Amino acid sequence: MTQSIDTDVIVLGGGAAGLMCAAVAGARGRRVHVLEKTRRVGKKILMSGGGRCNFTNLYSEPANFLSANPHYCKSALARYTPADFIALVEAHGIAYHEKERGQLFCDESSKQIVRMLLDECENAGVNVHTEVDIRRVSRTDDGTFRVETGAGVWTGAALVVATGGLSIPKMGASGFGFDLARQFGLAVREPRPALVPFTLPTRDRKAFAELSGLGLDVEAHCNEASFDAGMLFTHRGLSGPAMLQVSSYWQAGDAVGVDFLPGRDAAGWLAERRISRPNARLSTVLAECLPKRLAACLCRDAGAASLGEPRLKSLSDDDLAALAARLADWRFQPDGTEGYRTAEVTIGGVDTDALSSATMAACDVPGLYFIGEVVDVTGHLGGHNFQWAWASANAAGQVV
């Protein structure tokens, strides 16, 4: 038997942003219903951080986000900070720790964050519905939103779209939120996978095949963005935090530069080794500061890009400078990425020009709001995307 429910606020999506917004709005006395299409809420929360949820970053600030309008996120982030979410976590007695660079994780399980959000919703009188198949969304002449589903019809004065992006489709991700934005006349900036591993063309895969599973710290850069973090060779290409970070700035056809010796005066170091170890082969010397397999590959097995195997005494100062420059800016030419299948987030989304930065409301459609990943605001790796979820959700939840 289908039901017909009239309420104040309908939230589409039971992820981080949706649950947070519902709890904030419910605490203000609003009647709120959350509609989630899958069997469980908070799926991306549960899988994040290796099951411990990197729920925020102590140093999260607007500079950690990408958007066509880099100023858009400032208002929401300023009004709901990492300290605000940490206070909520502590109020629920959840133990946490800082892993590195401000990244905060639960000591025990990401399930605690989902439980916290559900408890907040329950305390605020929010109704959370799962396995709800949304068939049609419309707006009546009086401005009321009508959501028709297989389980019934919900009507309300405010509709919050928190349906996420296209990343990790096996978790239920879809372009529904983008379609809904277009339905109501809002522009959508072309979405693409972000925080995603790179794939390399066949010739490079073969050249670096023996390095699959090998990781090291590097400085990676692409299109003026640079990140000092770990890199991992895979059987298909390049992964690890450094590669995931630069993937958000990469466009098809771009090269990705890697400094294999970050923070080191490579030319000076090689010149010193030329004096102290004149008969040593280049790969032997590089193995002093690089994994042995990588040193050998760069010198002998990287095809046309290889450094060769000279003895150091045969190298001139110009040769050493050229080698140092290569090691500081080794160029990889990805032929693509692993796509939405493994992308942590979606870059692009609902154009911020169509939304209020103070409330997340659609400027030309009263009562319609977009929050979280569906919006054209994408954070760096390390808890920043969750902080955007909390902050944008709070901004909308305070006014719906």
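Bear in mind that the values here come from a model prediction, so they are computed numbers and not experimental data.
- Summarising the geometry, atom CZ belonging to Arg135 is positioned 5.5 Å from atom CG belonging to Asp133; distances are rounded to the nearest 0.5 Å.
- Defined by atom type and a distance below 3.5 Å, a donor-acceptor pair is missing between the side-chain atoms of Ser316 and Asp318.
- For the side chain to side chain contact (heavy atoms under 4.5 Å, CB included) test, no residue two or more places apart in sequence or in another chain qualifies with Cys363.
- Taking 4.5 Å as the limit, some side-chain heavy atom of Leu286 sits within range of a side-chain heavy atom of Cys299.
- Linking ILVMFWY residues whenever their side-chain heavy atoms come closer than 4.5 Å, directly or via other members, leaves Met243 and Ile168 in distinct clusters.
- Under 3.5 Å, the side chains of Asp254 and Asn223 contain a donor-acceptor pair of N or O atoms.
- At distances below 3.5 Å, at least one donor-acceptor pair connects side-chain atoms of Arg326 with backbone N or O atoms of Ala305.
- Salt bridge absent: Asp301 and Arg293 never bring a charged side-chain N and a carboxylate O closer than 4.0 Å.
- Side-chain contact, Glu120 with His92: a donor N or O sits under 3.5 Å from an acceptor N or O.
- A 4.5 Å side-chain heavy-atom check between Leu46 and Lys111 finds at least one atom pair inside the cut-off.
- Sequence neighbours left out, the pairs with a member in residues 111-141 that pass ring pair (Phe, Tyr, Trp, His ring centres under 6.0 Å) are His33-His129, His129-Trp154.
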Scan the side chains in residues 183-193 for donor-acceptor partners under 3.5 Å anywhere in the protein, sequence neighbours excluded, and list what turns up.
residue	atom	partner	partner atom	Å
Gln183	NE2	Val137	O	2.6
Arg192	NH1	Trp250	O	3.2
Arg192	NH2	Ser248	O	3.1

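- Proximity of Asn127 to Ile5: side-chain heavy atoms (C-beta onward) are nowhere separated by under 4.5 Å.
- Expressed to the nearest 0.5 Å, how far SG of Cys73 lies from CD of Gln387 amounts to 11.0 Å.
- Side-chain atoms of Asn123 come within 3.5 Å of backbone N or O of Asp119 as a donor-acceptor pair.
- Think of Val345 as one node in a network of Ile, Leu, Val, Met, Phe, Trp and Tyr side chains linked at under 4.5 Å; its network also takes in Leu195, Leu244, Leu381.
- Using a cut-off of 4.0 Å between Lys/Arg side-chain N and Asp/Glu carboxylate O, Arg281 and Glu309 are scored as not salt-bridged.
- Without hydrogens or angle criteria, Asn54 side chain to Thr56 main chain gives a donor-acceptor distance under 3.5 Å.
- Contact annotation: the side chain of Val399 approaches that of Tyr369 to within less than 4.5 Å [non-hydrogen atoms, C-beta and beyond].
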Quick one: side chains of residues 229-238, donor-acceptor pairs under 3.5 Å with protein atoms, not counting sequence neighbours, listed by atom name and distance.
residue	atom	partner	partner atom	Å
Thr234	OG1	Arg236	N	3.2
Thr234	OG1	Gly237	N	2.7
Thr234	OG1	Gly237	O	3.2
Arg236	NE	Glu338	OE1	3.2
Arg236	NE	Glu338	OE2	2.9

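- The side-chain hydrogen bond (donor to acceptor under 3.5 Å, both in side chains) analysis of residues 38-47, with sequence neighbours excluded, yields the pairs Glu36-Thr38, Lys44-Ser167, Lys44-Glu373.
- Not a single donor-acceptor pair under 3.5 Å links the side chain of Ser306 to the backbone N or O of Arg300.
- Residue pairs meeting the side-chain hydrogen bond (donor to acceptor under 3.5 Å, both in side chains) criterion with at least one partner in residues 66-79, sequence neighbours excluded, are His71-Lys74, Ser75-Arg79.
- Proximity of a side-chain donor or acceptor of Arg273 to a complementary backbone N or O of Leu312 within less than 3.5 Å is not detected.
- For the atom pair CZ of Phe198 and OG1 of Thr337, the computed distance is 8.0 Å after rounding to the nearest 0.5 Å.
- Every residue two or more places apart in sequence or in another chain was checked for a side chain to side chain donor-acceptor pair (under 3.5 Å) with Asp265, and none qualifies.
- With contacts defined as side-chain heavy-atom distances shorter than 4.5 Å, the pair Lys37/Thr163 does not qualify.
- Ring pair Phe208/Trp330 is perpendicular by interplanar angle, where above 60° counts as perpendicular and below 30° as parallel.
- Checking side-chain atoms of Asn394 against main-chain N and O of Ala391 turns up no donor-acceptor pair under 3.5 Å.
- In this structure, the side chains of Asn57 and Phe386 stay at 4.5 Å or more apart for every pair of heavy atoms.
- Contact annotation: the side chain of Gln398 approaches that of Val24 to within less than 4.5 Å [non-hydrogen atoms, C-beta and beyond].
- The side chain to side chain donor-acceptor pair (under 3.5 Å) test applied to Tyr249 returns His380, not counting sequence neighbours.
- Put simply, the side chain of Leu327 reaches to within 4.5 Å of the side chain of Leu307, judged on heavy atoms.
- Partners of Arg264 according to the side chain to side chain donor-acceptor pair (under 3.5 Å) rule, which considers only residues two or more places apart in sequence or in another chain, do not exist here.
- Within the structure, side-chain hydrogen bond (donor to acceptor under 3.5 Å, both in side chains) pairs that include any residue of residues 196-218 comprise Thr199-Asp335 (at least two apart or interchain).
- Between the NE2 atom in His97 and the SG atom in Cys106 there is a gap of 9.0 Å [rounded to 0.5 Å].
- Legend: residues meeting ring-ring contact (aromatic ring centres under 6.0 Å, His included) with Phe178, ordered by chain and number and at least two apart, are absent.
- Distance alone, capped at 3.5 Å, is enough to place a donor-acceptor pair between the Asp376 side chain and the Ala68 backbone.
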